[in-house]
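Working notes for the structure below.
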There are 2 protein chains.
Amino acid sequence: MADSRLKRQGDSFEEEFPGASRSASDCSINLARTGSLLLAELTRRRRPFVDISVAAFQVLAIIEGEGTPLPPSIVAERMVTTTGTMTSLIDTLVRRGLVRRLPHPDDRRMLLIDITDAGRDVVDQILPVTHRVTKEMFQDLSEPERQQLLQLLARVQRRVDVMRNEAAPTDPPQPRNTAQRSAQTATK
Amino acid sequence: MADSRLKRQGDSFEEEFPGASRSASDCSINLARTGSLLLAELTRRRRPFVDISVAAFQVLAIIEGEGTPLPPSIVAERMVTTTGTMTSLIDTLVRRGLVRRLPHPDDRRMLLIDITDAGRDVVDQILPVTHRVTKEMFQDLSEPERQQLLQLLARVQRRVDVMRNEAAPTDPPQPRNTAQRSAQTATK
DNA sequence: TATTGTTATACTCTATAACTATA
DNA sequence: TATAGTTATAGAGTATAACAATA
């Protein structure tokens, strides 16, 4: 049985990793962990209704949410993936009859991905489950607390977005102080 | 270029999805999204140093963090995956020389997965990068704000953990009100 | 009988590079 | 030349079911 308590770095963390911030690491681990837990549980609850992968549903939701067909390149951009990956995602969805490829009216190099009635049915089935489960997940947070959470997330999102547009530096950071190696460090 | 603003449900959201909570959905989408962004950016920054998957590194970090070899079933449980998946994850790590399989001293049905020196080197290389990047990601949040974020996450985590131990209900939830179908609904 | 781990199988997601057709 | 998308290829992660060894 997985442990539901917050994961916390140990007391010697900042000695072991010179230049690191214990609270930042705690936030990072628990943010990633809570997000994963959320997605995993949503997927589990959706499965009895419609068995579709997270990525495939994302494509569907992007097109359905837009309300109009979109080129694969745009969908790929929003999902932060390559056009090659998008091709096979669309292949999967076409095979299941959930989207179809239309020629682009202006530029014959391009396509438009359109959602089918069956695809819309899937979205209509999944979204209510998603919303019901979601409501339950956040039931312990008051309305002001939710807004607070959103504001904190927004600021992290903005910062990470800036970082995404920077080249990843390749010079080694402060090495680990292995003299301080402890038995409880980072189990995720 | 991906949009870095918060994703928000539209004004007609709660009419379109009777019984849904707009703020809960906003929290869910942005929590999952921020978590994914974080992980993706961490992976991108780690790649120049060591090219290892998130799942593979997780195995390594769990064993290294424990400080002593662990049976595959325990690692699988902590990662919320099956033993079959764990077998192939361990296969990958053994192929790269980062872990090794040892016989369990007490129960001959079991194994112990031990991290090798090379595996420890990988962890020692990756953790400092992780911590440096993490510090940058949360630089806009003050120390009290970080603690606040952690407390909010803890409460969501606890609730989701309760839900994980319940059977997934299979009765259909409140249907979508498709008369209210809008053009901007849920792009993630 | 129950448990631990492996095998076999299959599917999905992912990325890269070479290719096409169009612009 | 540049762009949009596909194909080919490859590898990783995931799950399920059948199985062997052991308890």
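The structure displayed is predicted, hence computed values, not measured ones. Excluded from the calculations below are hydrogen atoms, water molecules and symmetry mates; all remaining heavy atoms, backbone and side chain alike, are included. So that the names make sense, note that chain A is the first sequence line, chain B the second, and so on, each numbered from 1.
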> Using 4.0 Å as the upper bound for N to carboxylate O, is an ion pair formed by A:Asp51 and A:Arg46?
Replying inline: no
> In residues 100-117 of chain B, which residues come under 4.0 Å of DNA chain D by heavy atom?
Replying inline: B:Asp107, B:Arg108, B:Arg109
> Toward the 5' end of DNA chain D, which comes first, A:Arg47 or A:Ile90, by nearest nucleotide?
Replying inline: A:Ile90
> Does the distance from a Lys or Arg side-chain N to an Asp or Glu carboxylate O, for B:Arg155 and A:Asp140, drop under 4.0 Å?
Replying inline: no
> Just to confirm, is there a sub-4.0 Å distance from OP1 or OP2 of C:dT12 to any side-chain nitrogen or oxygen of A:Thr92?
Replying inline: no
> Which sits closer to the 5' end of DNA chain C, A:Met79 or B:Pro71, going by the nucleotide each is nearest to?
Replying inline: B:Pro71
>> With a 4.0 Å cut-off on N to O distance, would you call B:Arg100 and B:Asp114 a salt bridge?
In response: yes
> Between A:Arg101 and A:Asp91, is there a side-chain N and carboxylate O pair less than 4.0 Å apart?
Replying inline: yes
> So, is B:Ser73 close to the C:dT3 phosphate, meaning a side-chain N or O under 4.0 Å from OP1 or OP2?
Replying inline: no
> So does A:Thr81 get a side-chain nitrogen or oxygen closer than 4.0 Å to the phosphate oxygens (OP1/OP2) of C:dA15?
Replying inline: yes
> If you check the B:Thr83 side chain, which of C:dG5, D:dT16, D:dG5 turns out closest?
Replying inline: C:dG5
>> With a cut-off of less than 4.0 Å, is there a side-chain N or O of B:Arg96 near OP1 or OP2 of D:dA12?
In response: yes
> Which residues satisfy the side chain to side chain contact (heavy atoms under 4.5 Å, CB included) test with B:Leu70, sequence neighbours excluded?
Replying inline: B:Ile62, B:Glu66, B:Ile74, B:Val75, B:Arg78
> A:Gln58 CD to C:dT12 C1': how many Å, rounded?
Replying inline: 14 Å
>> Regarding B:Glu136 and B:Arg132, does a basic nitrogen lie under 4.0 Å from an acidic carboxylate oxygen?
In response: no
>> Check the phosphate of D:dT7 against A:Thr87, side-chain N and O only, distance under 4.0 Å to OP1 or OP2. Yes or no?
In response: no
> With B:Thr82, which residues qualify under side chain to side chain contact (heavy atoms under 4.5 Å, CB included), at least two apart?
Replying inline: B:Thr85
> Which residue, A:Gly84 or B:Ile74, contacts DNA chain C at a nucleotide closer to its 5' end, judged by nearest heavy atom?
Replying inline: B:Ile74
> Within the pair B:Arg95 and D:dA12, is there a side-chain N or O less than 4.0 Å away from OP1 or OP2?
Replying inline: yes
